[in-house]
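The structure appears right after this line, and notes come after that.
Quick caveat: nothing in here was measured; it's all calculated off a predicted structure. Chain identifiers are assigned alphabetically (A, B, ...) following the order of the sequence lines, protein sequences preceding nucleic acid strands; residue numbering begins at 1 within each chain.
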Protein chains: 2
Amino acid sequence: MSPQRRAGLGTNQEAVRRHNLGTMLRHVHGAGHTSRAELTSLMGLNRSTIAGLAGELESLGISEHTTAVGGARQGAGRPSAGVRIAPDGPYVIAVDLGVDRAVVARVGLGGRVLERAQAPVHSDGEAWQVGAAVAALIRRVVEGAPATAPLVGIGISVPGLVRRSDGLVRLAPNLEWHDVSFGGIVLAALGLDVPVSIANDADLGALAEHVRGAGVGVDDLIYVSGNVGVGAGVIAGGVRLEGAGGYAGEVGHLRFNPQGRPCHCGNLGCWETEVGGHAIAEAIHCPPDKVAQLDEVLEGFTVPTRELRATGTAVGHGLASIVNTFNPRMIVLGGYFRVLYPLVGAEVDAGLADRALPAPLESVTLALPGLGSDSALLGAAEIALDPLFVDPVAALGTALVDVRSRLVG
Amino acid sequence: MSPQRRAGLGTNQEAVRRHNLGTMLRHVHGAGHTSRAELTSLMGLNRSTIAGLAGELESLGISEHTTAVGGARQGAGRPSAGVRIAPDGPYVIAVDLGVDRAVVARVGLGGRVLERAQAPVHSDGEAWQVGAAVAALIRRVVEGAPATAPLVGIGISVPGLVRRSDGLVRLAPNLEWHDVSFGGIVLAALGLDVPVSIANDADLGALAEHVRGAGVGVDDLIYVSGNVGVGAGVIAGGVRLEGAGGYAGEVGHLRFNPQGRPCHCGNLGCWETEVGGHAIAEAIHCPPDKVAQLDEVLEGFTVPTRELRATGTAVGHGLASIVNTFNPRMIVLGGYFRVLYPLVGAEVDAGLADRALPAPLESVTLALPGLGSDSALLGAAEIALDPLFVDPVAALGTALVDVRSRLVG
DNA sequence: AAGAATTTGTTGTCCGCGTGAACGCAGCGG
DNA sequence: CCGCTGCGTTCACGCGGACAACAAATTCTT
């Protein structure tokens, strides 16, 4: 957004070029395929400036121009040159680490998943074992990458608290991790040195849904991930809300029912004890060992149980606190909530409407993830791609070419 | 922060100049008195560029240079020229509307309160009556302004929900206002046409404490205003968190005790029913008609009652939810909490430590307002000054000179 | 006390980058 | 077929920040 990272600095003309180049790339990335005319109107710059920027992106190997257009033209005049992501351009590795499985994908600009692999992981495994499994998946996924395509970085989604200053996983309760430097572990297992970004899964879900999911164009959005634990990712004013340490959005531990059940955090009746995976499982009489497959079990229902409807109301009541606190325009219901909401949507809506303040309530919309269960994965790709939008030239400078041979060697 | 308002736009060189001039002014405003050398290092620009910018600010009548310095020098070399806010430079009118009184001040750049006036207002009065009273205070405060000094705008702090798109006061429960266009009312009573900015008092408290109070340099800060109603203003990543409609931060209606007392919002046991002004009054057996003077009553205590200690614990428990949700580095306790915290700080701290997650807890600090009870007032000044930092030249273009004679005529 | 060292203000030049006008080009419509 | 419209291309221009050289104002050193 801003031409420099730290606020309070001045802008010099190098920064202008960086910013404009990055902004153009962000637009091309968002749309996948655009025209120079559209970029001109979007960015408010002169035709000739846009031409220069587009040419630079092209000479960097990021984009390419298209002339032949099959689509229906609109209006008279010379058709504008198309701008498209280059097929052998820069790419990233995205990792979505779940409680029971890891998904790894090679993702190009435009958010295209070029390759994908996944494997189960044991939740009682040591972090280095998980790291080795992820590294193996990465090797497999990189296999088919063009030799000339640069690897910009690796983005990792983790279900836990991640310190933003250095990416340390402070706590991942369901993996039983404390202070794990998972980025370093993966890099060591790969024998590579590329930029690694790690963040919380809900934060990344929010980011992905904001960029290319249900919340495109929505600048105040919250992604609530209802899994065994409940967390939220917040986009406020178009920017990720991170908090001082990077732990913002832990709405699962909002006080909900002081007379309720004990939570692993030590308190009584946190919201996630009433609406988390275990609570949902109980509401549908699902055996505890099948909680990991709760999605599929829930999909078997057509009519909700009475207990499930009560859970829906509790979800709505909790969302009301979120609405009052953040005043979002949209709440995306991810995780198990994605299959829960079609069943008990009426109860969730009623619970929310009952408890939220009228003013923030009137502008909020509940939505399902536009990216299905890939939100966190694509969010991981987004944070890995982010340096490209801040400074394309510098990001390509630190990128790695011919990764395949480096991995073999 | 950013050279243009809307994201996604390109930057041209006019924008660079605007941004650099605004950023320099922001620094001068923040420090009150600086040197060109310091600005050079802060903004990362060349000496000659800084000289040009400083000269432009001076020719706009905003700042002036100082050569004679009485302070202790440090290090060798030619002493740097000072940059100081001009005494007859641009100013704003700040209005802090409370439940029982209105404070109006004339505030110059640097946050200096140049003049101040206040008057009681009747909480059962109509909005236009309050507007007339405020207008009278504004006339009094403008009296002493230099004829050449331009009035940049009016900033108003309101204890209620303010829609950010147009500044409409959607709801101010303790003033019994619904959908009041208070900015328009004040302007009509004055017969002037200047930019008016209105916002919630807690939001403005947060802003002021961030810029020149207890939270200078703290980019993730929450100001909790504990009055009859409880609200919060949030600074996240150095930027105000507003939410889609501008209503973010209504933490007073977080679910706290589902078996509790009814709240005016229609729910049971909202946080503010347990820690708001009426709850505090009850805890110290203060008669309900003296709630407005609760500050002074509380200051009479040296040893807290048992009920007050319980209230302190409840404050801590509620703050824990805030800490888990926002992960701030600092929480500033405003309103009645400002006098409550010195009495029951131990209980508040313990309640917070007991309920917050370890990771976000370890980096948070509780603090009292560095600006005393003027936080909201100075925050109102800040939002009125803000256009100056975005584009000084344009803001001075819309500013009003010789306000005094215009008001008389 | 006088010169060296250091830091800053000032001046003139240079260069990068966006702008704008003029021209050529490609598709549409009559 | 030709005119219209909108876009790409080219070039001169201007603005703004960087840079180097010099002057000025202190402090430090001898």
Side-chain angles (χ1 to χ4, degrees), chain A residues 3-4 9-24 34-59 63-84 391-393, chain B residues 3-4 8-24 34-60 63-84 391-393:
Chain A
Q4 64 273 333
L9 271 72
T11 304
N12 55 19
Q13 60 227 8
E14 301 170 59
V16 170
R17 187 66 170 184
R18 273 202 304 273
H19 173 249
N20 285 347
L21 203 60
T23 303
M24 169 173 281
T34 343
S35 68
R36 274 159 56 173
E38 196 174 340
L39 290 170
T40 304
S41 79
L42 278 175
M43 295 182 61
L45 299 179
N46 196 285
R47 281 209 299 268
S48 40
T49 309
I50 296 293
L53 291 168
E56 189 164 349
L57 281 189
E58 204 165 310
S59 72
S63 68
E64 53 185 29
H65 62 274
T66 51
T67 54
V69 200
R73 300 239 127 282
Q74 46 190 7
R78 174 174 174 170
S80 184
V83 181
R84 178 173 58 186
D391 187 346
V393 180
Chain B
Q4 66 273 330
L9 270 71
T11 305
N12 55 18
Q13 58 228 10
E14 302 171 277
V16 170
R17 186 66 170 185
R18 273 202 301 274
H19 173 249
N20 285 347
L21 203 60
T23 303
M24 169 173 281
T34 343
S35 68
R36 270 156 62 170
E38 196 175 340
L39 290 170
T40 304
S41 79
L42 278 175
M43 295 182 59
L45 299 179
N46 195 281
R47 283 209 300 269
S48 45
T49 307
I50 295 293
L53 291 168
E56 189 163 348
L57 280 189
E58 202 164 313
S59 72
L60 286 170
S63 68
E64 53 185 28
H65 62 272
T66 52
T67 54
V69 200
R73 299 240 125 283
Q74 47 191 4
R78 173 175 175 170
S80 185
V83 180
R84 177 173 60 184
D391 186 346
V393 179

I'd like a table of atom pairs between the protein and nucleotides 2-8 of chain C - only N or O on both sides, under 3.5 Å - with the distance next to each one.
unit_1 : atom_1 : unit_2  : atom_2 : d
C:dT6  : O2     : B:Gly77 : N      : 3.3
C:dT7  : O2     : B:Arg78 : N      : 2.7
C:dT8  : O4'    : B:Arg78 : O      : 3.3
C:dT8  : O3'    : B:Ser80 : OG     : 3.4

Q. How close or far is atom C1' of C:dG16 from atom CG of B:Asn12, stated in whole angstroms?
A. 15 Å
Q | Pairs satisfying salt bridge (Lys or Arg N to Asp or Glu O under 4.0 Å), at least one member in residues 42-55 of chain A, at least two apart | A | none
Q) Separation of A:Glu14 atom CD from C:dC17 atom P, in whole Å? A) 8 Å
(Q) From NE2 of A:His65 over to P of C:dC25, roughly how many Å is that when rounded to an integer? (A) 17 Å
Q: Look at B:Asn20 and D:dG17 and indicate whether a side-chain polar atom (N or O) is within less than 4.0 Å of OP1 or OP2.
A: yes
**Q.** Interatomic spacing from CG in B:Leu45 to OG1 in A:Thr11 - rounded to 0.5 Å
**A.** 7.5 Å
Q.
Whether A:Asn46 contacts C:dG18 is assessed here as follows: a side-chain N or O lying under 4.0 Å from the phosphate OP1 or OP2. Is that the case?
A. no
Q: Applying side-chain contact (heavy atoms from CB on, under 4.5 Å), name anything that partners A:Ala37, two or more places apart in sequence or on another chain.
A: A:Ser35, A:Ser80
Q: Could I get the full list of side-chain contact (heavy atoms from CB on, under 4.5 Å) partners for A:Arg84, not counting sequence neighbours?
A: A:His33, A:Glu64, A:Thr66
Q) Quick one: CG on A:Asn12 to OG1 on B:Thr49, what's the gap to the nearest 0.5 Å? A) 9.0 Å
**Q.** Rounded distance in Å - CE (B:Met43) to P (D:dG17)
**A.** 9 Å
Q: Would you mind reading off the distance between B:Arg18 atom CZ and D:dC15 atom P, rounded to a whole angstrom?
A: 16 Å
(Q) What residues from residues 48-57 of chain A pass a heavy-atom cutoff of under 4.0 Å to DNA chain D? (A) A:Ser48
Q: Whole angstrom is fine here: how far is it from CD in B:Gln13 over to P in D:dG14?
A: 12 Å
Q: Report the distance from atom CZ of B:Arg17 to atom P of D:dG16, rounded to the nearest whole Å.
A: 6 Å
Q: With sequence neighbours excluded, tell me which residues meet side-chain hydrogen bond (donor to acceptor under 3.5 Å, both in side chains) with B:Arg17.
A: B:Glu56
Q.
Test of understanding: with side-chain hydrogen bond (donor to acceptor under 3.5 Å, both in side chains), list the residues that count as partners of B:Glu14, not counting sequence neighbours.
A. none
Q) Looking at CG of A:Leu53 and CZ of A:Arg36, how far apart are the two atoms once the value is rounded to the nearest 0.5 Å? A) 10.5 Å
Q: Check side-chain hydrogen bond (donor to acceptor under 3.5 Å, both in side chains) between B:Glu38 and all other residues, then give those that pass, not counting sequence neighbours.
A: none
